[in-house]
Amino acid sequence: MLLGLLFALPGVFVLVKALQFGGALGDTLVEALDPLWRTVLLATSVAATAAVIGTGLAWTLVRTNVPGRRVLQVLAVLPLGLPSFVGAAAFIAALAPGGILHGVLEAVGFEGPFRARGFWPSWFVLSLATYPYVLLPVAARLRALRPSLEESARLLGRSSVGTFFAVTLPQLRASVLAGAMLVFLYTVSEFGAVQLLGFDTLTRVIFATQLTDRATSFSAAALLLLLAVVVVAAERSFHEPIRPDDRANSRLDNPPTQLGRWVVPVLFAVGSVVGLALVAPIASLSTWAVRGLADGRVDVGDLVGPAINTAIVGVFTAVVAVLAVLPLAMLIVRHRSRAGRVASVAVIGGFAVPGIVIALSLVFWSANTPLLSALYQTFPILILAYVIHFGSQALGAAETAVRAVPEGLRDSARLLSPSRFDRRRLVELPLMRPGLLSGGGLVLLSTIKELPATLLLAPLGFETLATEVWGSFEEGFYAEVGVASLVLVALSAVLTWGLVLRNQH
Amino acid sequence: MISLASDARASLHLEGVDASYGDGQVLHDASLAVAPGEMLSLLGPSGCGKTTLLRSIAGLHPVSAGQIEIGGRLVAGPNAWVAPEHRRVGMVFQDGALFPHLDVAANVAFGLKGQTDIDARVAEVLQLVDMADYGHRLPGTLSGGQQQRVALARALAPQPAVLLLDEPFSALDAGLRHQVRRDVRRILHEVGITVVMVTHDQDEAFVMADRVAVMHGGRIEQVGAPHELYENPSSAWVARFVGEANVVAGEISSGLAETTLGALPLKPQGPQAGLADILIRPEQLQLVAGSGGVVESVEYFGHDALYSVRTGDEMLDVRTSLGQFAPGDDVVVKFVGSTVSAWARDTVTTV
């Protein structure tokens, strides 16, 4: 319960504060309406686009004989390791004089300067950054679907395309919706990419006014919070309870659909998505990085400190988050506790609350509470923000981990060994370890990619790779952006591969 | 009453069918002929290739050699391939495979797309399987037996040429299984459709089918009516698979098999001389008090009991309702059957 309270804190705090500013609230809300509209527009378009790309890609990569699908299955998920602000930076850097696209565009007769600003570039960058959130659950669902459903449809006279729309797609609906909701939440709380691409959403308003105009900042934060809550509630009400397929067939190998003459267009489509989402940004960053390293303007040594800082906060957050949610997971799974359920809603809500809102409330809270002012811009408060924001990712994995030790097994361990400690150490922990590791890993991955909370809460002079990229970009130092981004991307790509992809099979 | 067009009673012919999974060949030279309106069971232990054979007929698994004809039309062969949706084959899966997002009526109507009078046909087949009142229920709200009956109705609705059943009762509880089995047999007889059913359960194969094809290691070992398989199994393996069996050593001469149980009269088939394996069913034996054997264990079934008796080096199973014996009792085993089957020793498949 206490834990739930902690996670609910930022949300409650923002609402209370927004109400406290009372009189000004009406005016500031009107000001926030345009950004609100832009936020909803962007989030809806990005979620819809990601849903189409993610679902199509999942089906192609899981169910067809597209050549190289093993490799493509890995590559298609890797954009998850590319922070969206890095994607945006790469896009802008590619169009800037000296970027790879700049040269290409001038060569085919366009006149510079080229600028990527506003809705379309934001939509483009974010859609490509977020489609894996749909791809992953949909691919998992496709793998778990009973083959007999689709086979029945074929035997009842439907073609493979007809079967997809009549039988497969309805089975995927819940997974597509869940993925699209994640994308929506991701987009409404996105800060870095829209800031770089100059599209005025609520997060940008919050960031711009957080020091100068607290009332606007808080009412924008309250709107953002409400938006997130409404979307989560809507998704929940659509949600049909997912019945575990306990009558599932033992044979789960679906014979792949033969693409035949469609193989070239399909391969081209898959290739373009992966190319634009992964290869192009990395190529763009690399050209700058190579140039910077070649003329000696970038010193790799400067990045050692930020890289170490990134690793430290990441690992620390992961450990704290897992330890914090593990008791909760036990409460929910083993005791079906009501308090546990309520607390878990708060923890899951933490993900829906944009990082910038959590940061804002923690800044305000620590700076204005006499006893806690010592915490302002310190390491613990930064970790706290991360844990609140990403705890939900650890919670899901922790619940799975706890479920990995069934009651029967615990009972029989109890009959065999009297020591509670021994049982934990010898039976429960080894079985829970994979789940806990992957939960911690997800938190680690999210933490090193996080930008707005880090910008607002990090101790002065505490540079992470993310803030390094950000700072260099603001100075227009693209070469440094390139190098720092590549280090960050490499780090998170390794984590993504190790955590998400290896566990799939 | 269900009407089926006359051509709906199709024959099914398989000739030398091979099939593989990855690098492993799972089906070797399978040949079968199923007459129009006949019900054939494919019986065998798991991994024997029976499901692959069924899926090959449906077009869900590619054949690597041989050919398949349904109603005289070549659907798979060296230069022929008809996609599953064009084979006019109906199939009931182990798990029913009802579309969970569609109600019962929509599931049944699924294969009727483009036809006229869909509602009437749906009502008709639901009536047939005794599920007429369930049209608006979702599959998730039905019991396992009800789901299988809906699956049957769905498969029958488009009037397929052949109906395939893939272990349709194996997911049901034992009590329910008997009831559903009986219902399905009645319905299929009423419809008169050609049926191929896969099962690993010998009782089920015998009760349901006109003929049974026993499969072992990717090959069809023997095809015949249930009583033929039971009385004249083609090998010791088949004998054991389709029932309880004692296989004892014997020597054959002049129509008799000389065994530890005495000289037993032989069936006309089989070897005429030399060393042989002799099949004695447990119900062909009886026990009387005396010395010669010792009862080692008893399984009591009420209507009769199954005794394991040690006589010398051999263990014999005896199923009888006469007399009551306990482990440790001294008994004599007597042969009371009419004739026994025999296979020459060197050609016997060992289990």
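So that the names make sense, note that chain A is the first sequence line, chain B the second, and so on, each numbered from 1. No hydrogens, no waters, no symmetry mates; every other heavy atom, side chains included, goes into these values.
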Practice prompt. Among the options B:A151, B:P62, B:P158, B:P84, pick out the one with the most heavy-atom pairs lying under 4.5 Å from chain A.
Written response: B:P84
Response to the item:
Rounding to 0.5 Å, atoms CZ (B:R87) and CG (B:L60) come to a distance of 8.0 Å
Worksheet item: chain A heavy atoms under 4.5 Å from B:L98: which part of the residue, side chain, backbone, both or neither?
Response: backbone
Practice prompt. Start with the C-alpha distance between B:E167 and B:K50, add both sets of side-chain angles, then the distance that settles salt bridge (charged side-chain N to carboxylate O under 4.0 Å, His left out), and finish with yes or no.
Written response: CA-CA 10 Å; B:E167 306 235 9; B:K50 56 190 191 299; 3.7 Å; yes
Practice prompt. Determine the minimum heavy-atom distance between B:S20 and B:Q25, stating which atoms define it.
Written response: OG-CA, 3.7 Å
Worksheet item: So what's closer than 4.5 Å to chain B heavy atoms on A:S159: side chain, backbone, both or neither?
Response: both
Item to complete: With rounding to the nearest 0.5 Å, note down the distance linking CG in B:L12 to CD in B:E69.
Response: 9.5 Å
